[in-house]
Structure formats: C-alpha cells, structure tokens
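In listed order, ligands and their atoms are each counted from 1. These numbers were taken from a predicted model, which means no experiment stands behind them.
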Amino acid sequence: MGYKDQIDLTKLPQHIAIIMDGNGRWAKGKGKLRIFGHHNGVISVRDIVEGSVELGVKYLTLYTFSTENWNRPKLEVMAIMELLVSTIDKEINTFMENNVRLNAIGDLAMLPPKCYVELSRAIKTTSVNTGLVLTLALSYSSRKEIVNAAKQIAAKVCKGELKMEDIDEEVFENNLYTHDMPNPELLIRTSGEFRISNYLLWQIAYAELYFTPKLWPDFRREDLFEAILDYQKESAVLA
Ligand code: FPP
C-alpha cells in the first residue's frame, strides 16, 4: 500500500508550509551549476502542487526566495527571477485547470519590475479559483513581517483607530502577510538542515516540524504523502 492510500483525508493539514532547500547541492553533486538545481526544483514544485491538489490540501506555502537570498551572486539571483517569470507564464493554464489560486507574501516591491508585473497578473487571473491557495514567499523575512505588523498596529494606535488595550494575538495576526489564511499545521524542510531560517516564525508556533534529508529537486509527491502520514501519526499520539 502506497503512502497516499494510508492518509486519512478527513484529517489533512489544512495548510502545509515548505522550506525548499538543497537545489545548489543537488546540482553540485551532478557537477552542474546551481541554476540547474533551481530548474529541477521547479519540477518538484509542479509535482508537489499536483500532489496537494490531488489530496485536497487547502493551503500550500513555499519558501521561494528569502530577503537573505538577495545577497547571492547577481547572476544566480537574476536566473531565479527569470525562472520565476517563465514558470508562472507556463503554469498559469494548469493553475486555471486545477482551480489553483496563486498568492504571494513578502517584500514584493523588491522584485524586479517584470517579475512583479507577471506575478500580479497571475495572482489576478487566478483570483477566481477556489481550490488550493498556492502562496509563494518571495523576498520574505519573517522578522520583517513581524516588525511590519508592529508598525501597522502602532500607526493605527497613533491615528486613534485602535486602543492599545485592544491589541491581542488576533489583532497581531490580522496585520501579518498571512492574515487571510490559517496557520500551517505542518512545516517541511528538505536537505537535512534543521533550521527554520526566518520562515513564518509566528505562524508555525504549533506546527508539526518535518525534516527530510532529501534535496528539493528529489522531493516528489510520495515524499509529501509520507510527511502528511507522519503528521497524522504524531497528531494521533497527541490527541
Ligand atoms: C534553495 O536551494 C532554493 C532556493 C533559494 C530557490 C528556490 C527556487 C525554486 C525551486 C525555483 C523557482 C520556484 C518557483 C515556485 C517557480 P539552495 O539554492 O539554497 O540550495 P543549497 O542549500 O544546496 O545551496
């Protein structure tokens, strides 16, 4: 019996967040340039999105580019941005066919204009879809997101729109980029690193953490199903 058949579809995590890591090492292991790893990483992205749709997962959030990633060599950054544009271009029909709504979180104003325009267009086109919400974390930093939320709340207090004593966790969450989605119940990180790397720090407070040694370009839907199964076993122990 495959992993999929063992999954209890009535107890799926609503929101899965993934730290896609190991593209560079995967490419290096094959004697290729890092960008070759990113290109193959896109194949994994497609498979994981399809696997999520197949199961009926509601939210999938992928750590696609962190604010720290801007410090990588210029050529690599440009190549990732181009890959993003070409992937969105290529996948938009599949998103429409599969009822996938594209979303993005992060400091999107930092993105190259072409990338921003293409992303905004795809977000608008897919906004009619009601199935999987696929969120790309781009130019994302969780600490920045939290500081940003604090600033927004402070501004509301200064303007008299909010009383200080009314600030609570719900108010805070409403000022995060993720205000319109539930918190992830499962966080997956590939490539054998046991770090969170400034990803959804507030949101993963109660998430199950799943680390796998597989490098991202080797990660496929069977691996996702295995992680979900592990999550369900852990949740059953806690229940
Ligand atoms: C991490 O591997 C990967 C990235 C920083 C980029 C992720 C980008 C993609 C998978 C392609 C574009 C995605 C979409 C959604 C179109 P790494 O480079 O940090 O690998 P390393 O840790 O082995 O160096």
Does a donor on one side chain sit under 3.5 Å from an acceptor on the other, for Asp107 and Ser139? no
At under 4.0 Å between heavy atoms, what of Thr87 touches ligand 1? The answer is side chain
Yes or no: does Asp21 have any heavy atom under 4.0 Å from an atom of ligand 1? yes
May I ask whether Arg72 places a heavy atom under 4.0 Å from ligand 1? yes
Which ligand 1 atoms are under 4.0 Å away from a heavy-atom of Arg25? 21 (P), 22 (O), 23 (O)
Just distances here: any N/O of Gly24 and N/O of ligand 1 closer than 3.5 Å? yes
Report the nearest protein non-hydrogen atom to atom 1 (C) of ligand 1: residue, atom name, distance rounded to 0.1 Å. Met20 O, 3.1 Å
Please work out, at 4.0 Å between heavy atoms, whether the side chain, the backbone, both, or neither of Asn69 comes within that distance of ligand 1. side chain
Distance alone, cut at 3.5 Å: any donor-acceptor contact between the side chains of Asn98 and Glu50? no
Which ligand 1 atoms, with their elements, are less than 4.0 angstrom from a heavy-atom of Val42? 11 (C), 12 (C)
Note the single closest protein heavy atom to atom 13 (C) of ligand 1, along with its residue, its atom name and the distance in Å. Thr64 CG2, 3.7 Å
Out of Asn23, Leu215, Leu136, indicate the one that has the non-hydrogen atom closest to atom 15 (C) of ligand 1. Leu136
With distance as the sole criterion, is a donor-acceptor pair present between the side chains of Ser86 and Asp89 under 3.5 Å? no
Atom 4 (C) of ligand 1 [closest protein heavy-atom partner, distance rounded to 0.1 Å]: His38 CE1, 3.9 Å
Measuring from the heavy atoms of Ser191, does anything fall under 4.0 Å of ligand 1? no
So, Lys163 and Glu165, do they make that salt bridge, N to O below 4.0 Å? no
Would you say ligand 1 has an N or O under 3.5 Å from any N or O of Arg34? yes
Separation of Lys58 NZ from Arg101 CZ (nearest 0.5 Å): 7.0 Å
Is a donor on one side and an acceptor on the other found under 3.5 Å between the side chain of Ser141 and the backbone of Thr67? no
Decide whether Tyr140 and Glu145 meet the rule of one side-chain donor and one side-chain acceptor closer than 3.5 Å. yes
Within the structure, does Tyr63 bring an N/O atom to less than 3.5 angstrom of an N/O atom in ligand 1? no
With salt bridge (Lys or Arg N to Asp or Glu O under 4.0 Å) as the test, would you mind laying out the steps for Arg25 and Glu193 before giving the verdict? CA-CA 12 Å; Arg25 275 165 284 167; Glu193 304 292 345; 3.2 Å; yes
Any luck finding a side-chain donor-acceptor pair between Arg189 and Thr212 under 3.5 Å? no
